[in-house]
Structures are given as structure tokens and as C-alpha cells.
Amino acid sequence: MIKGRVLVVDDEYGIRSGVDQILELEGYEVEEAETGEEALRALEGPPFDIVLIDYRLPDTDGLTLLHTIRKRKMDIMTCMITAYANIETAIAATRQGIDFFLPKPFSPEDLIGVTETLLRHKALHREAEELKKAHEASLLALASEKSQTHSLVTSLRDAVLVVNRNGEVVLANPAMGKLLRKEEAGLLRKPAGEVLEAEPFAPVRAALGQVTDENAVMEIELGDQQFMVSVTPFHSEKGEVLGHIATISDISEVRRLALEKSRFIRTMIHEFRSPMGAVKSILEVALDKSMGDGLEPYLPLLDRAEKRLDGLVELIGNLLSLSRIEIEGKKKVAFEPVEAPPVVKEVIELYREKVQARNLRVEVSLDPGMPRINVPAEDLRTMMVNLIGNAIKYNRDGGTVGVHASRLDGKVRLDVADTGWGIQAQNLPHIFDEFFREKKKETRDIEGNGLGLAIVKRLVDRAAGKIEVQSTEGAGSTFSVFLPLSQSR
Ligand code: ADP
């Protein structure tokens, strides 16, 4: 194996061949160049480890050649060999970046010694370069990791506070500053007990003061907001606790939804219990035969029981619809856009008996050439069943129910109007809430569970539509549903 490649540039044949012989015997591969031009040509070829340059060359001088080598940023060790060694040339050569200086005449041992030193230097130099590169790369990685972590913590919506072993704040993100209504930079180095001095933070302070390795989770209240706090210890590589990280998340919305849900369930239970109670009492009367042995006197009661059970069945159906809409959410289910007129007619047909019984007049105006609506047929049917059903239920005997469909900038507008009891202005904002029913004497005996409009509203929302209501107490109401038309005809 060769020790290294050496180029010797000298116009003196004796020097060139001497160097060549001595170094080749030592295991080096040597090339010779007589002039600067030859040297540059040789340097274009396979790389050299060392170049030995005579100070004086026929076509140029050694310093110019050195300058060219340095300019080309070659990974090569340079040594000047010259008989004209004086202090000025040495200084000039060092300035040009020469690595070594070997005055002529030199002994074979001098030459071998210098070549070996240069080769060692080169190896060290390369090692140093590699270390530098690795160091730079790791610094870069560290910097980008640091800035990533920083921007991550900064943009977190949860408030984060990092406290060291001495209980001092070492990091607070902007959300933490906002929560404490303080500049986050001003929190640094302060004792955590001082930063979290407000009374509601007492359990957090206690958890931060603990030396245990346990993760603590707690809920606190600040004003009318609820927060969940988690205090987690963090460790050194050896496993010792270095401090704690407290994250504080606003759970007010989650709490509000949970409360709403439990209210819903309470109302639902009540809605189940009251018809069941009524039916049970009726059955008790019948079983006790308190109105005699014949069936006749009980018939009105049994009729009533049947109505309450019908109401219960309807309630179950409505609850199932609500939960189906909730579960399906905004999931895109493929459906055929629907043609409105046949659905409206079908629903009106459904209510024919009721309309006749109440002596109502039904006015329908539907444009038969209307494009399809971008809603599943079942959803449009449910909307119409509820709206037309209400227009009949909350109407006066002999009143009118109107159903009109018209086109309006890429949407269809479906109006369901009645001449009934109307809705009080203050109740209009609640009309689509679950279980909401107006309490007034005119409509007191009308059966219902307050879920129909809630279902309609959710279906309209899911179809990216809109529902509006206009009502005059004592005169009637109009519900207008705006639904997107299908793009395809
Ligand atoms: P339900 O009819 O079963 O009570 P809805 O959700 O359909 O439930 O309606 C909620 C409430 O809105 C009704 O109880 C009633 O007070 C009022 N309402 C709905 N539609 C009309 C209407 N067309 N005219 C007057 N009041 C109405």
C-alpha cells in the first residue's frame, strides 16, 4: 500500500530524481514536474497529498504556483524547497499558506522526516475538518430543534409553566402570560409560588412543591372558567427530578357541553316518565274497576292512554333521529338530490285526515320545473313532516296552511305558513332548542315533545342551508327553509 502521493516541482533534474528515488523507496508514489505549467497539469490529475515546490522555476516562481494551489482550495500539503532560503522568502511563503520550508541542500533523512510530518499534519488536518463539520451539523440540528420546540411551546393554546428544582419559573409560554395577565418574560426566575399566588392555584402550588415522581391532575376554577391542570415531573438522563411542567387547559367548553348533555338527559327522563305515569294510573283505574264492570266508561281513558303511548313512540323516534344526525355528523354520505314537489305532496297526503278533521284549507304552489335540491329525500321529508305537521297542529280550526316553493339565487326557498296561534316574540330565539315548547293556554292541550324543530334545524344545518321564522302572535307563523340546489340537473 502506498503511503501517499507526492509531486516534486523543480527544474533541477538531480533534485527531482533524488527526491523521487528516496521517497519511492519509502513507499510513496512520486511524480515529477520541471516547470510551473507541468505542475499545474499534473495537479489536474489524480490528487496528491504533498507538493514540494522549488522557489525558482523557469516559467514562474514557486510562490505564484502556491497561490494558484491555495486558490483552487486543494486538500494538499505544501513544502517549499529552495537554496535561496532567507527570512523574507520564508515570510512571503508562509503568507501564501505554505505548510513547511525545507532549505537546500537536504539529506534523505530530512526529506523523509519532512514528508512524514506533512502527511501526519494532513491526517490531523482532515480529522479536524471532519470534527468541525460534525460539530457544525450538530449545532445546526440543535438550533433547529430548539427553535422548533420553542415555536411549538409558544403556539400552544394550553398554558405551560416549567419550574426548576428550586421552584423557580424557567419557562412560561404566551398562553400562560395571558392566563396570569402578565408578560411571560416577567415570570422568569420568579418563585412559582409567587407567580401562582392567586387562591385558586393552591392545589397547583402544592403539586409543584412535591418532590414525588407522580403526575398530578386537578381541576381549578378561575372566574367563570374551568381549567384542567396537569403537573408532570421531568428528569435528567440519570433519572433525577429536575423540575416540573404544569400545563393548564381551558375545559370550560367541554364542561358546558357535558352540562348541556346532562340537562338534556334529565328532560328526556322526565318526558318518558310523565306519559308512563299517566298510562299506569289509567291502567290502575281499569284494574280496580273503580268505574264499574262494563268497558264503556273506561273507553275515553283508554283512548287517552293510547295517545300518551303514541306520544312516547314519537318521542323515541325523534330521539333516534337526533342521535342519528349527531352520529352521522358532517360525514359525507352519498345521496341522490331530491325533487321537492313529490315529497311535499306526499307529506300533505299523509296529513289529509287531520286537515279534514280540522277543516283546514291547504294552499300549495310548487314550480314543477324546479331543479333538484341537494338534500337526501329522507331529510327533506322529515323537515316537511315537522313543519307542515306544526302548521296543522298550531292552527285554528278552519285556518289555512300554505306551502310555497320558489327559486332564489342557487337556492330553493320553501315556505310553510299557517294562520294559527303564532309564537311570542321572546320565544322565537328558543324555538329550535331541544324540548322547548311554548307555554300558553291556546296550545296547552296540543301534544308534542319539543324535538321536531330541533331536528329540522340540524338537518338544515347539515345541508348547509338556513331556516328562518316569522310569526305574529294570534295571527300565524311562516317557517322559511333555504336549501342549496343540486349542481347537476
Ligand atoms: P312540538 O311541536 O312537538 O312541541 P317542535 O319542536 O316542533 O315541537 O316545536 C316547538 C315549539 O314551537 C312548539 O311546542 C310550539 O310552541 C312552537 N311552534 C312550532 N311550530 C309552530 C307553529 N307553526 N305555530 C305556533 N307555534 C309553533
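As the structure lists them, so they are numbered: ligands from 1, and atoms in each ligand from 1. Fair warning: this is a prediction, and the values are worked out from it, not measured in the lab.
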- Enumerate the residue pairs fulfilling ring pair (Phe, Tyr, Trp, His ring centres under 6.0 Å) with a member in residues 198-241, sequence neighbours excluded, ordered by first and then second residue. none

- Do we get Lys466 above Phe482's six-membered ring, with its NZ or CZ under 6.0 Å from the centre and within 45° of the axis? yes

- Query: Leu161 versus Leu196: any side-chain heavy-atom pair under 4.5 Å?
  - Reply: yes

Pair up each side-chain donor or acceptor in residues 262-269 with any protein partner under 3.5 Å, not counting sequence neighbours, and list the distances.
from   : atom 1 : to     : atom 2 : distance (Å)
Ser262 : OG     : Leu259 : O      : 3.1
Thr267 : OG1    : Arg263 : O      : 2.8

- Which residue pairs satisfy the salt bridge (charged side-chain N to carboxylate O under 4.0 Å, His left out) criterion with at least one member in residues 394-405, sequence neighbours excluded? Arg358-Asp397

- Query: Will you find, in the side chains of Asn395 and Thr419, an N or O donor that is under 3.5 Å from an N or O acceptor?
  - Reply: yes

- Message: With a 4.0 Å heavy-atom cut-off, what residues sit around ligand 1?
- Response: Asn390, Lys393, Tyr394, Asp418, Gly422, Ile423, Ile431, Phe436, Arg437, Glu438, Gly448, Asn449, Gly450, Leu451, Gly452, Leu453, Ser477, Phe479

